[in-house]
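Worksheet for the structure shown next.
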Amino acid sequence: MTQSIDIKDDQTANNSTNDNFVTGNSLWKDAVIRFYKNRLAMTCLIILGIITVACFIGPYFLEHPFDEVYWDYIQVPPNFEAGFYFGTDTNGRDLLVRVLHGGQISILIGVLAAFVAILIGVSYGATAGYFGGRVDMLMMRFVDILYAIPFIFFVILLMVFFGRNIYLMFIALGAVEWLTMARIVRGQTISIKNKEFVLAAKAIGVRDGKIIFKHIVPNIWGLIIIYATLLIPSVIMTESFLSYLGLGVQEPNTSWGALISEGANIMETSPWILIFPASFLAVTLFCFNFIGDGLRDALDPKQ
């Protein structure tokens, strides 16, 4: 009787242990839980979602097109009776619609240029770090040469040959921002390419390309995601700087940088033309930075 009770107790303990093992959280699930508990990061994520939805959907629910000129309302402060909630610009166009439309271009440039930079940087850096030796030296010297070229000179050179258009902005920004990502990925690849799981893949004859993209890159996705959230605001800020210099999008299209450039010239007489786009840009950049900090804390293996 005593033995049967002991056996039942052992089975109960084993079942309890198995249940605990099955319900254990993975690294990614733990990261999601930690990120969800970060109130500042979650608040910024919600705010960023609201801004993004407003920029891409809001213009369809407003009565004024972004490029229509109202000659009777040129450079008018916010006027709720006429439906100009942010006022109008120097050409009599609804500033609210133009701020939302400019947000579409700024966010798209930030996300797509960051995607291009990550795609090139991850492939380039992982390849250089994995093969090492002379291949690594030649590839990274090419990166050093590109680092030596001034960014503004590179953008102006592209515009001289290909003209000014929105697609050129993706190419120009993505063609420069991938350099830092390549160095980061190269360093991480060097640190893990001699791990047991990589050596085991080599031993069974897995091809080098599959080892890089199926075994090494997935193990550094956390770092890539963190860098992407920090890269997007950097690209948006760079695009705003180029638009401020007159090298960005062309009329009638606009971006937050172009609107800020216009508002800065008349900020003493019409401050609303500067305040609204600058506020949207500042809040978006802060949200991306705090989300990046939250992801860094959530994906930190030391946690």
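All residue numbers refer to positions in the sequence shown, counting from 1. Excluded from the calculations below are hydrogen atoms, water molecules and symmetry mates; all remaining heavy atoms, backbone and side chain alike, are included. Bear in mind the structure is a predicted one, so any value in this text is a computation, not a measurement.
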Q. Which heavy atom of G292 sits nearest a heavy atom of I226, and at what distance?
A. O-CG2, 4.2 Å

Q) Atom CG in L119, atom CG in L112: separation rounded to 0.5 Å? A) 12.0 Å

Q | Derivation and outcome, side-chain contact (heavy atoms from CB on, under 4.5 Å), residues I109 and I236 | A | CA-CA 7 Å; I109 287 178; I236 293 176; over 6 Å; no

Q) Are any of the side-chain heavy atoms of N194 and V198 separated by less than 4.5 Å? A) no

Q: State, with a plain yes or no, whether a side-chain heavy atom of K193 is found less than 4.5 Å away from one of I211.
A: no

Q. Within the distance-only criterion (no hydrogens, no angle test), does the side chain of T238 pair as donor or acceptor with the backbone N or O of S234 below 3.5 angstrom?
A. yes

Q. Near M237 CE, under 6.0 Å, is it more than 12 heavy atoms from other residues, nucleotides or ligands?
A. no

Q: Identify the heavy atoms of C287 and I47 that sit nearest to each other, and give their distance.
A: SG-CG2, 3.7 Å

(Q) To the nearest 0.5 Å, what is the distance between CD1 on I184 and CD1 on I118? (A) 10.0 Å

Q. Nearest heavy-atom pair of P277 and W272: which atoms, and what distance?
A. CD-O, 4.2 Å

Q: Taking all non-hydrogen atoms of both residues into account, name the closest pair between V235 and A113 and its distance.
A: CG1-CB, 3.6 Å

Q) Does some side-chain heavy atom of I74 sit less than 4.5 Å from a side-chain heavy atom of T90? A) no

Q. Nearest 0.5 Å, what's the CG-CD1 distance between L95 and I275?
A. 10.5 Å

Q.
If you count heavy atoms of other groups shown closer than 6.0 angstrom to CZ of R141, is the number above 12?
A. yes

Q) Relative to each other, are the rings of H215 and F197 parallel, tilted or perpendicular (30° and 60° limits)? A) tilted

**Q.** Ring geometry between Y124 and W178 (parallel below 30°, tilted from 30 to 60°, perpendicular above 60°)
**A.** perpendicular

Q) Between CZ of R98 and CG of D94, what distance do you get to the nearest 0.5 Å? A) 9.5 Å

Q.
Do I51 and F290 land in one hydrophobic cluster if side-chain heavy atoms of ILVMFWY residues count as linked below 4.5 Å?
A. no

Q) Could you walk me through whether H101 and N253 pass the side-chain contact (heavy atoms from CB on, under 4.5 Å) check? A) CA-CA 8 Å; H101 181 75; N253 287 320; 3.2 Å; yes

Q: Report whether I224 and L179 are members of the same hydrophobic cluster (ILVMFWY, side-chain heavy atoms less than 4.5 Å apart, transitive linking).
A: yes

Q. Applying the 4.5 Å side-chain criterion to the ILVMFWY set and letting contacts propagate, would F142 and V185 be lumped into a single cluster?
A. yes

Q) How long is the gap from CD1 on I232 to CG on N289, to the nearest 0.5 Å? A) 11.0 Å

Q | F115 atom CZ, over 12 foreign heavy atoms within 6.0 Å | A | no

Q | Residue pair T180 / Y147, side-chain donor-acceptor N/O under 3.5 Å | A | yes

Q) Is the closest basic N to carboxylate O distance between R34 and D297 below 4.0 Å? A) no

**Q.** Residue pair Q75 / T269, side-chain heavy-atom distance below 4.5 Å
**A.** yes

Q. Crowded around M267 CE? As in, over 12 foreign heavy atoms under 6.0 Å?
A. no

Q: Measure the CZ-CZ distance between R93 and F66 for me, rounded to the nearest 0.5 Å.
A: 9.0 Å

Q) Going hydrophobic residue to hydrophobic residue with side-chain gaps under 4.5 angstrom, can you get from V99 over to Y70? A) no

Q | Nearest non-hydrogen partners of T189 and G129, listed with the distance | A | CG2-C, 3.8 Å

Q. Heavy atoms, side chains only, cut-off 4.5 Å: are P59 and Q104 in contact?
A. yes

**Q.** N/O donor-acceptor pair under 3.5 Å between S106 side chain and G103 backbone
**A.** no

Q. Relative to the ring of H64, is the ring of F84 parallel (under 30°), tilted (30 to 60°) or perpendicular (over 60°)?
A. parallel

Q.
Taking atom CZ as the centre, does F213 end up with more than 12 heavy-atom neighbours from other residues, nucleotides or ligands that are less than 6.0 angstrom away?
A. yes

Q: Begin from the C-alpha positions of I216 and I192 and carry the test side-chain contact (heavy atoms from CB on, under 4.5 Å) through to its verdict.
A: CA-CA 7 Å; I216 294 179; I192 66 175; 3.7 Å; yes

Q. If Ile, Leu, Val, Met, Phe, Trp and Tyr residues are connected whenever their side-chain heavy atoms lie under 4.5 Å apart, and connections chain through other members, are L285 and L259 in the same group?
A. yes

Q. Does a side-chain heavy-atom distance below 4.5 Å link I212 with F131?
A. yes

Q: Please assess L62 against L100 for the test side-chain contact (heavy atoms from CB on, under 4.5 Å), listing each intermediate value before the final yes or no.
A: CA-CA 10 Å; L62 298 174; L100 297 180; 3.9 Å; yes

Q.
If you define the side chain from C-beta out and look only at heavy atoms, does anything of K214 sit under 4.5 Å from V206?
A. no

Q) Does the side chain of D89 reach to within under 4.5 Å of the side chain of E262, using non-hydrogen atoms? A) yes

Q: Kindly give the heavy-atom pair with the smallest separation between D136 and A128, and that separation in Å.
A: CB-O, 3.3 Å

